[in-house]
**Q** 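The structure is given below, and queries will be raised subsequently.
From a predicted model like this one, the values you see are computed outputs, not experimental measurements. Convention: sequence-line order gives letters A, B, ...; per-chain numbering from 1.
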Amino acid sequence: MSKDLTNSSLDRKNILNNNIAIQGVYEELGFYGIKFDGKYRFTKQQIAQYFDVDVRTIERILENNKTELEISGYELYTGSKLKAYKEQVFDFVRNAKDKKDVHDINVVNILQLNESELDSLSKTPQLTIFTYKAFLNIGMLLIGSEKAQKLRTAILDIVIDVLNKKLGGKTKYINQREEEFLPSVIREYNYRKEFTNSLDFYIVENKFKYSQLTDKIYKSIFKENAKEYRKILNLNSKESVRSTMYSEVLDLISAYENGFANYLKNKSENLNKKLSLSETHLIFSEFEQIMEAFVSPLQEKARSLMASRDLVFRDALHEKLKDYVNEVSSEDFYKFLGKKSMEFEKRLEENKEVFKRLKDR
DNA sequence: GAGCATATTCGTCACAGCAG
DNA sequence: CTGCTGTGACGAATATGCTC
């Protein structure tokens, strides 16, 4: 069941999108590039050398995974861009020799920029250049190279380490770490009141009405009822389901609650009577169809965000949403792990081993 | 613009290691 | 053993920039 970076593009993306962890890998690994256009850059030859494989092997990986590598930062430099890059390299080498800066000299040594290499560089008409991310991406795809194998293990160790440091191992309330959570939860609280008021008013007394209709909303939005959701996130009976939900899901719940409160009101007033719970279930099905026509794009998005984030951050798989699992975006990693997320640190509770399944393979 | 040098892209073949 | 996959070696076609 555990996955392998070499054959799971989703797992690769979920690491490469985590810029915070990538930063940690760069610092620990000691394979330094030349900074150009804001990013560290490496040539194909340097990468082949690092992994101790033939250049042809790198090329083949390039042929077979072109789009993935373009996204993570592979480029063919020609023309003015190449010219600018060359100048940057020559500048860099000159400066490094003058300054005797240890880090810079390291770079020169690692990149093996000796006289003849520089000479041929000056003549070259095109050059395949990789960013650090693309370099790691290559490492994740190279099967035969022993160094790539070691790199993969190192990456996973560092990614797990960085995540643990950022989270302190606590992921249950990671949803609360983004700025949007608080306003969403407050809005939802108000719409929830509308909803329960409406149920009180227009449905005959029945002690199951709140929970049953709330479950209907949950199922409509993310296919699970509260009980199933609790089980997947491992919540005990005292922990509130909603306090673990992402703002996008909460907003959608608000929309359903508000919409249904009004829909039920109209129905009851038209019929001029209080409704039974079983009648209300039928009414909900009607409402659900209308609602879905409006919100299905948002629903798709919420399902995808919830399923993907929970898999990466909480190591929780929503079986019924497994077709919605996608990569977690670099924006999301920043939102939930970056600087701003820290304001909510005190809310974090309980332990969870993140990315563990990635490690034991 | 022609000719030259060099990198890239890509097809092909042989070989090693490995799983069934 | 056989077939598959990843790899390395070679070479042809193509792209690009430099020099004259």
Side-chain angles (χ1 to χ4, degrees), chain A residues 1-16 25 29 31-96 107-157 357-361:
Chain A
M1 178 58 197
S2 63
K3 289 189 180 153
D4 179 342
L5 287 181
T6 58
N7 62 28
S8 165
S9 102
L10 182 61
D11 288 332
R12 289 197 296 274
K13 281 179 184 155
N14 276 338
I15 286 178
L16 293 170
V25 175
L29 216 60
F31 181 56
Y32 304 115
I34 285 181
K35 208 163 198 173
F36 174 71
D37 207 7
K39 287 173 178 163
Y40 294 106
R41 310 278 170 171
F42 306 82
T43 66
K44 192 170 59 187
Q45 281 73 18
Q46 285 151 12
I47 288 176
Q49 217 159 14
Y50 179 90
F51 289 120
D52 201 18
V53 294
D54 199 90
V55 168
R56 184 73 187 91
T57 302
I58 304 290
E59 281 166 1
R60 236 185 314 257
I61 287 174
L62 218 38
E63 285 163 29
N64 297 331
N65 305 276
K66 200 146 192 176
T67 36
E68 177 175 330
L69 285 158
E70 271 165 357
I71 290 167
S72 53
Y74 141 78
E75 258 180 286
L76 180 61
Y77 280 11
T78 57
S80 54
K81 198 157 191 181
L82 177 65
K83 206 168 188 177
Y85 173 78
K86 286 177 183 175
E87 274 164 27
Q88 180 98 356
V89 174
F90 290 127
D91 271 8
F92 185 88
V93 173
R94 261 197 304 279
N95 287 338
V107 176
V108 173
N109 287 339
I110 286 160
L111 305 189
Q112 306 213 324
L113 296 166
N114 55 38
E115 294 299 322
S116 74
E117 293 237 344
L118 290 176
D119 200 46
S120 77
L121 176 66
S122 70
K123 285 179 205 151
T124 196
Q126 44 189 338
L127 214 49
T128 309
I129 297 291
F130 297 83
T131 59
Y132 192 70
K133 230 183 239 194
F135 155 68
L136 294 182
N137 203 159
I138 293 273
M140 293 174 178
L141 292 161
L142 252 173
I143 293 185
S145 160
E146 206 176 300
K147 293 207 77 168
Q149 178 68 42
K150 279 184 186 151
L151 176 68
R152 283 194 287 277
T153 313
I155 290 172
L156 291 171
D157 282 344
R357 81 199 155 78
L358 277 176
K359 234 205 119 178
D360 47 40
R361 92 200 122 90

**Q** Would you say the side chain of Y50(A) lies within less than 4.5 Å of the side chain of L151(A), judging by non-hydrogen atoms?
**A** yes
**Q** On DNA chain B, nearest-nucleotide positions of K44(A) versus R60(A): which is more 5'?
**A**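 Nearer the 5' end of the strand: K44(A).
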**Q** Can you find a heavy atom in the side chain of S9(A) that is under 4.5 Å from one in the side chain of K13(A)?
**A**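 The answer is yes, as the side chains (C-beta and beyond) meet within the 4.5 Å cut-off.
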**Q** Reading DNA chain C from 5' onward, which residue's closest nucleotide shows up sooner: T78(A) or V55(A)?
**A** V55(A)
**Q** Check the distance between dT8(B)'s P and D54(A)'s CG and give it to me in whole angstrom.
**A**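 Rounded to the whole Å, the gap is 13 Å.
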**Q** Kindly state whether the ring of F42(A) and the ring of F31(A) have centres lying under 6.0 angstrom apart.
**A**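 Yes, the ring centres sit under 6.0 Å apart.
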**Q** Which part of the nucleic acid, if any, lies within contact of L82(A), taking any heavy atom under 4.0 Å across all strands shown: a base, the sugar-phosphate backbone alone, or nothing?
**A** nothing
**Q** Got a sec? Which of residues 124-141 of chain A come in under 4.0 Å of DNA chain C, heavy atoms?
**A** P125(A), Q126(A)
**Q** Taking only side-chain N and O atoms of Q45(A), does any of them lie within less than 4.0 angstrom of OP1 or OP2 on dT6(B)?
**A**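 No, outside the criterion.
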**Q** Between G79(A) and V53(A), which residue's closest nucleotide on DNA chain C lies nearer the 5′ terminus?
**A**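 Taking each residue's closest nucleotide, the earlier one in sequence belongs to V53(A).
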**Q** For DNA chain C, note the earliest and the latest nucleotide, 5' to 3', having some atom under 4.0 Å of a heavy atom belonging to chain A.
**A** dG6(C) to dG17(C)
**Q** Which whole-number value in Å describes the distance from E75(A) CD to dT9(B) C1'?
**A**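 Rounded to the whole Å, the gap is 18 Å.
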**Q** Once you round it to whole Å, what is the distance between C1' of dA7(B) and CD of Q46(A)?
**A**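 Answer to the nearest Å: 14 Å.
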**Q** State whether the distance check finds a donor on one side and an acceptor on the other, under 3.5 Å, for side chain R56(A) versus base dG11(B).
**A** yes
**Q** A side-chain contact here means heavy atoms from C-beta on lying under 4.5 Å apart; do T43(A) and T128(A) qualify?
**A**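 T43(A) vs T128(A): side chains apart.
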**Q** Rounded to whole Å, how long is the line connecting atom CD1 of I61(A) with atom P of dT8(B)?
**A**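 In whole Å, dT8(B) P lies 16 Å from I61(A) CD1.
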**Q** For K66(A) and dT8(B), what is the distance between atoms NZ and P respectively, to the nearest whole Å?
**A**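 The answer, rounded to whole Å, is 12 Å.
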**Q** Quick one: side chains of residues 74-84 of chain A, donor-acceptor pairs under 3.5 Å with protein atoms, not counting sequence neighbours, listed by atom name and distance.
**A**
residue : atom : partner : partner atom : Å
E75(A)  : OE2  : K81(A)  : NZ           : 2.7
Y77(A)  : OH   : R41(A)  : NH1          : 3.2

**Q** Quickly work out the I143(A) CD1 to dA16(B) C1' distance and round it to whole Å.
**A**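 Those two atoms, CD1 and C1', are 15 Å apart.
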**Q** Less than 6.0 angstrom separating the ring centers of F36(A) and Y85(A), yes or no?
**A** yes
**Q** If you measure from the Lys or Arg side-chain nitrogens to the Asp or Glu carboxylate oxygens, is any gap between R56(A) and E59(A) under 4.0 Å?
**A**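 Yes, charged N to carboxylate O under 4.0 Å.
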**Q** Do side-chain atoms of T131(A) reach the backbone of S72(A) as a donor and acceptor pair under 3.5 angstrom?
**A**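 Judged by distance alone, yes, a pair lies under 3.5 Å.
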**Q** For atom NZ of K86(A), is the number of surrounding heavy atoms from other residues, nucleotides or ligands below 6.0 Å larger than 12?
**A**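 Atom NZ in K86(A) is packed in, count exceeds 12.
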**Q** Could you state the atom-to-atom distance from CG of L62(A) to P of dT9(B) in whole Å?
**A**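 One finds 6 Å between P of dT9(B) and CG of L62(A), rounded.
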